[in-house]
Amino acid sequence: MADGEADIAALAGGIPVPPKVAAAAARPPSLGPSAMPVANATGTRREYWIRAETVRWNIVPTRRDEMMAAHVGGRTRFTALAYRAYAPNFAKPLGPATVPGPLLQADVGDTLVVNFQNATPGPVTMHPHGVFYRPEMDGAYKGKYTDPGGFVQKGRTFQYVWDCRPDSVGYWPYHDHGPLDPLPVFKGLLGAILVRDPAVRQPDVEFPVVFHSFPPQATGLDRAFSCANGRAFAGNTPTLRARNGQDVAFHVIALDNEFHTFHVHGHRWKDASGRVIDNVTLGPGDSYTARFTEDNPGRWLYHCHVFSHIHMGMTGWYVVGA
Ligand SMILES: [Cu+2]
């Protein structure tokens with residue numbers, strides 16, 4: 001490994017293939033209709049083709065921390081693992097592999113069908129939060145109880161089928177939950193699901209934000225980076241833009257080993273109890289939507305308010321036009 005990062009292939013070599021996975025692997029791979037009945041057939045079938053890949057990833061492309069007007073030294077590139085969206089039957093990529101991966105979108109009543117292919121060196125998966133699924137669609141490694149979707153080997157494909165029920169409305173993470181978990185997550189195998197209720201007014205503008213980190217144990221880099229959407233430091237993390245008067249929603253996920261907070265300068269919103277806040281705490285695996293009517297044009301910061309995380313990169317610009 002050029003960077004000295006954790007070696008997925010070497011680590012995967014010592015893990016026995018679970019019995020149900022071996023039995024399924026003996027059959028030829030198929031991208032046909034799922035053997036699983038679609039549990040909720042009243043809505044639309046939202047089908048995705050997603051491949052887990054290795055990708056050279058620069059955490060700080062500008063080499064600048066614009067908030068502190070400072071140079072960011074040292075190596076910032078490593079070999080990440082990332083989800084990438086493809087056209088049907090993996091005919092061609094729809095864009096680059098990204099951290100977080102493609103946003104999976106559906107309405108209440110829809111069925112999410114994800115054809116997942118693994119092009120990384122070790123067994124990885126897609127495990128969703130928020131949606132409804134049977135145990136075999138869990139995408140989780142469970143030792144000898146592991147179903148094929150919980151141990152997708154290199155070169156294999158598995159079709160996940162998940163239902164978006166009324167209690168699935170919201171913004172949720174998905175991530176690897178294979179036998180090497182959490183290492184692949186710390187290399188970038190994470191993403192988000194957005195389930196809408198079309199009967200409810202939607203925001204004018206929405207910002208999916210995933211707070212996570214790239215630790216040296218996963219990247220082989222000299223230092224840890226605290227990230228928003230795969231990048232660290234303002235000017236590298238997403239610069240989010242809105243206009244005065246818009247109905248704005250920040251959808252925030254925390255997905256690493258830390259507690260984070262979500263804070264936006266110059267703005268407030270109400271929590272579920274009706275209390276006005278401008279900072280909310282998220283633990284690992286939590287998601288949260290901060291929604292308000294924009295009334296304060298200017299250049300603002302959004303960030304996690306854990307001070308060490310701010311200075312490891314978990315900051316970004318929020319720019320509001322008049
Ligand atoms: Cu934080």
Side-chain angles (χ1 to χ4, degrees), residues 57-62 64-70 72 74 76 78 80 82 98-101 103 129-130 170-176 181-192 206-219 221-240 248-269 271-272 275 277-292 299-318:
W57 188 260
N58 193 340
I59 303 168
V60 193
T62 71
R64 294 284 300 170
D65 172 356
E66 290 188 1
M67 182 183 78
M68 300 305 289
V72 177
T76 61
F78 77 109
T98 55
V99 183
L103 180 66
H129 290 217
Y171 183 63
W172 308 93
Y174 68 82
H175 57 90
D176 169 63
D181 170 52
L183 178 60
V185 177
F186 283 116
K187 280 177 169 284
L189 272 190
L190 53 91
E206 297 178 89
F207 306 119
V209 177
V210 182
F211 282 165
H212 65 104
S213 50
F214 285 132
Q217 299 92 326
T219 63
L221 300 175
D222 303 324
R223 50 168 292 182
F225 293 93
S226 295
C227 296
N229 294 12
R231 314 281 189 198
F233 302 109
N236 299 276
T237 54
T239 295
L240 307 175
V248 174
F250 289 81
H251 302 297
V252 188
I253 284 173
L255 202 59
D256 58 11
N257 227 24
E258 309 285 334
F259 279 78
H260 301 290
T261 81
F262 179 73
H263 176 55
V264 191
H265 289 204
H267 297 80
R268 299 151 308 288
W269 63 90
D271 70 9
R275 187 172 67 113
I277 60 173
D278 71 357
N279 189 60
V280 66
T281 303
L282 294 91
D286 274 350
S287 52
Y288 182 84
T289 294
R291 187 166 171 179
F292 51 82
R299 176 174 289 267
W300 304 104
L301 289 164
Y302 69 91
H303 59 88
C304 166
H305 221 297
V306 177
F307 290 100
S308 57
H309 298 172
I310 297 173
H311 292 284
M312 291 157 70
M314 203 168 268
T315 59
W317 295 121
Y318 173 47

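Numbering of ligands and ligand atoms starts at 1, following listing order. One is the number of the first residue; the rest follow in order along the sequence.
- For the side-chain hydrogen bond (donor to acceptor under 3.5 Å, both in side chains) test, no residue two or more places apart in sequence or in another chain qualifies with Trp300.
- Tally of protein N, O or S atoms closer to the Cu ion (ligand 1) than 2.8 Å: 3.
- Here the CG atom belonging to Asn229 is positioned 8.0 Å from the CG atom belonging to Leu240, to the nearest 0.5 angstrom.
- Using a 4.5 Å cut-off on side-chain heavy atoms (C-beta onward), Tyr318 and His303 make no contact.
- Atom CD1 of Ile277 sits about 12.0 Å away from atom CZ of Arg268, to the nearest 0.5 Å.
- By the 4.5 Å heavy-atom criterion applied to side chains, Met67 and Ile310 are counted as neighbours.
- Relative orientation of the Phe211 and Phe262 rings is tilted, given thresholds of 30° and 60° on the angle between their planes.
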